[in-house]
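Notes follow the structure.
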Amino acid sequence: MQMNASSIVNQKAEWEKLGVKLPAFDHAAMTAATKEHPIWVHFGAGNIFRGFIAALQQRLLNEGAADRGIIAADTFDYDIIDKIYTPYDNLTMNVTLNPDGTTSREIIGSVAEGLRANSADAEMMARFKQIFTDPSLQMISFTITEKGYALYRPDGSLMPVVQADIDEGPAHARHAMSMVASLLLERFQNGAYPLAVVSMDNCSHNGEKLQASVMTVAKAWLEKGFVGQDFIDYLSDETKITFPWSMIDKITPRPHKIVEESLEKDGIEGMTPIVTSKNTFIAAFVNAERPQYLVVEDKFPNGRPALEKAGVYMTDRETVNKTERMKVTTCLNPLHTAMSVYGCMLGYDLICAEMKDEDIVALIKRLGYVEGLPVVVDPKILDPKAFIDEVIEQRLPNPFMPDMPQRIATDTSQKVGIRFGETIKSYVAEGRDLNSLVSIPLAIAGWLRYLLAIDDNGNAFEVSADPLKDELQAKLSGIEFGKPETVTDQLDGILSNASIFGSDLTKTVLADKIKAYFKAEIAGAGAVRKTLHEAVNG
């Protein structure tokens, strides 16, 4: 069995015999209609798009609530289009990893076209211009990761590619944000039609980040004389162009070997993952958890698909922001970070395996239910406690979710201020007793202990990538495993850093608590386990 446009029509019975749900609409008609008058272009053709966003539009198509699909584009990794989209007629095998260990299969056929957003490819750019000047286009959306919006290097200067885009003008745009600005210019010059520009990336205030980057490029072009003030006015007019905010939550990890083998066992060909030239590990199938959330600010000046019929929460910006804060400061992200650093030190390489560890489960339950919920931001459209229930009971223990604590521990210095610092600030603002906190100081102490790059058995391990890793490890210099007396004032230089934690923790009672946990955890082999167990069960 080969997954392509012909087989889903001519081998329908064979697919269904393998338990594969097929598109319930005329795929050829959808493709033709979408190409003729597109309504939706999505930038970032990876797993979260294929396994979640494209599946939303498929549901609308299946139910007759839409007649056109999505055009997928990639600004970074063209191999995804050439090797994962084109050979399979833009179809994706979507494998849902159910919490009970079973899987469900569905071929997603809502993508009508796959394009390389490459300004050096004249044919591709001609097609993009055709799409962007069509009045029917309602929205463009993005899952390009937070890094995709970044224009500046760590030293504050523009990235060379962005500087070149600014100097050379819209015709030569290479960076994703320059490309978007260039295509919006085409739309402006050919009718100034309205459009929603929607980030669906998993980062706070994503619409604001996207808007700021596009406007930075556009205003630089204004200064260089490439565009007029009227283009800036067009981008700034919310009756014309909007940048809605959103909150997205669904885990779509790298292709799992077990899933690959099960598909091949059933005679489904071409499911072996590839590694692209940009080092993306990707396959013709996506494996993803069942729970999913997408909350979108309902600000679409040219209309939009009926996404609410596919389970998307369409709401206002304040509610989007509250939902994001609920997730990242209380109900999911803090739990992930806390268990990841302890998981690395205790020798785990799977999040689901950690959920069989009573001490780790006690840590995150206290973190979410006891310490987080009293100050949680309640968005009203989702129940915070029910969200944590699902995370702890279904999502984290899922045996088919091959997520690793080592991956979650990446860039922790950039996360602790949001994941723990916001709750600390809420406790202070509400006059709550910081001494009542156990899991939060334990999580912070665990992260600092993790930075020593020595596991609980006293063996060296590799600390995950982090932009502050070298700086932070240097501050811990002189601290020796098995010698708590070597801890003097090294931690103060980190705990006082408000840019990391959101406030100076040395001015709170938490600093002494964190230092006490840290000293206990370096006492020798087994000290991390002993400290964790006593703290969460005390």
Side-chain angles (χ1 to χ4, degrees), residues 41-45 73-78 115-122 124-133 137 139-201 203-246 299 301-302:
V41 175
H42 184 89
F43 291 91
D74 211 279
T75 60
F76 174 71
D77 197 339
Y78 305 139
L115 302 175
R116 300 183 302 276
N118 180 1
S119 62
D121 188 326
M124 282 286 170
M125 293 318 298
R127 177 59 183 144
F128 272 108
K129 290 175 182 179
Q130 188 179 34
I131 292 167
F132 270 74
T133 55
L137 188 64
M139 65 183 288
I140 60 174
S141 55
F142 302 81
T143 49
I144 57 175
T145 77
E146 188 169 2
K147 294 177 183 177
Y149 307 112
L151 303 180
Y152 297 93
R153 294 186 291 189
D155 65 3
S157 63
L158 284 169
M159 294 177 181
V161 65
V162 178
Q163 187 63 62
D165 287 347
I166 289 170
D167 293 340
E168 297 172 25
H172 304 285
R174 287 158 292 234
H175 188 278
M177 295 296 96
S178 311
M179 178 72 69
V180 172
S182 174
L183 292 170
L184 290 173
L185 178 61
E186 289 288 336
R187 190 166 182 81
F188 168 69
Q189 292 173 334
N190 292 273
Y193 302 115
L195 189 69
V197 183
V198 192
S199 172
M200 294 181 177
D201 269 299
C203 56
S204 297
H205 298 187
N206 49 19
E208 185 176 64
K209 288 180 170 66
L210 172 55
Q211 181 177 22
S213 294
V214 170
M215 294 302 294
T216 295
V217 173
K219 288 177 179 178
W221 283 340
L222 173 66
E223 292 179 6
K224 297 270 185 183
F226 290 115
V227 304
Q229 180 61 42
D230 51 354
F231 176 54
I232 306 300
D233 294 342
Y234 168 72
L235 295 179
S236 305
D237 181 355
E238 288 203 336
T239 67
K240 293 290 189 179
I241 300 295
T242 59
F243 295 86
W245 294 16
S246 71
K299 193 178 287 186
N302 201 33

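We number each residue from 1, following the sequence as shown. Just so you know, these numbers use all the heavy atoms, side chains as well, and skip hydrogens, waters and symmetry mates.
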- side chain to side chain contact (heavy atoms under 4.5 Å, CB included) between Val198 and Phe243: does it pass, once the steps are laid out? CA-CA 6 Å; Val198 192; Phe243 295 86; over 6 Å; no

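Residues in residues 160-191 take part in these ring-ring contact (aromatic ring centres under 6.0 Å, His included) pairs, two or more places apart or across chains: Phe188-Phe231, Phe188-Tyr234. For residues 177-186, the salt bridge (Lys or Arg N to Asp or Glu O under 4.0 Å) pairs, not counting sequence neighbours, are Lys129-Glu186. Sorted by first and then second residue, the side chain to side chain donor-acceptor pair (under 3.5 Å) pairs with a member in residues 154-163 read Arg153-Ser157, Asp155-Ser157, Gln163-Asp167; sequence neighbours excluded.
A distance-only check finds a donor-acceptor pair linking the side chain of Ser246 to the backbone of Ser199 [under 3.5 Å]. In terms of modelled atom types and a separation under 3.5 Å, the side chain of Asp201 and the main chain of Cys203 share no donor-acceptor contact. A donor-acceptor pair under 3.5 Å links the side-chain atoms of Lys209 to the main chain of Ser204, judged by distance alone. Under the 3.5 Å distance criterion, the side-chain polar atoms of Lys240 are matched with a main-chain donor or acceptor of Ala192. At least one donor-acceptor pair under 3.5 Å links the side chain of Thr143 to the backbone N or O of Gly44. Distance alone, capped at 3.5 Å, is enough to place a donor-acceptor pair between the Ser119 side chain and the Ala173 backbone.
Tyr193 meets the side chain to side chain contact (heavy atoms under 4.5 Å, CB included) test with Pro135, Arg187; sequence neighbours excluded. Remark: Asn190 engages no residue in a side chain to side chain donor-acceptor pair (under 3.5 Å) (not counting sequence neighbours). Evaluation of the salt bridge (Lys or Arg N to Asp or Glu O under 4.0 Å) rule for Arg174 yields Asp165, Glu168 as partners, not counting sequence neighbours. Listed by chain and residue number, Leu115, Arg116, Asp121 satisfy the side chain to side chain contact (heavy atoms under 4.5 Å, CB included) test with Met124 (two or more places apart in sequence, or in another chain). In this structure, the side chain to side chain contact (heavy atoms under 4.5 Å, CB included) partners of Thr216, at least two apart in sequence or on a different chain, are Leu151, Tyr152. Here Ala181 pairs with Val214, Val217, Trp221 under the side chain to side chain contact (heavy atoms under 4.5 Å, CB included) rule; sequence neighbours left out. Annotation: side chain to side chain donor-acceptor pair (under 3.5 Å) contacts of Lys219 (sequence neighbours excluded): none. Under the side chain to side chain donor-acceptor pair (under 3.5 Å) criterion, Asn302 pairs with no residue, sequence neighbours left out. Thr242 meets the side chain to side chain donor-acceptor pair (under 3.5 Å) test with no other residue; sequence neighbours excluded.
For Thr75 against Ala176, the heavy-atom pair with the smallest separation is OG1-CB, 3.6 Å. For Pro170 against Ser182, the heavy-atom pair with the smallest separation is O-OG, 3.0 Å. Shown here for Ala45 and Asp74, the closest heavy-atom pair between the two residues is N-OD2, 3.0 Å. In terms of heavy-atom proximity, Ala150 sits nearest to Met159 at O-CE, 3.4 Å. The shortest non-hydrogen separation linking Pro301 to Leu195 is CG-O, 3.7 Å.
Ring geometry for Phe128 against Phe43 counts as parallel: the plane angle stays under 30°, on a 0 to 90° scale with 60° as the upper cut.
Distance CG/Leu183 to CD1/Ile131: 9.0 Å, rounded to 0.5 Å. Atom CE in Met215 sits 9.5 Å away from atom CG in Leu222 (nearest 0.5 Å). Between the CG atom in Leu235 and the CG atom in Leu185 there is a gap of 8.5 Å [rounded to 0.5 Å]. Separation of atoms CZ (Phe142) and CG (Leu210) is listed at 5.0 Å; rounding is to 0.5 Å. If you take CZ on Phe76 and CE on Met179, they are separated by 14.0 Å, rounding to the nearest 0.5 Å.
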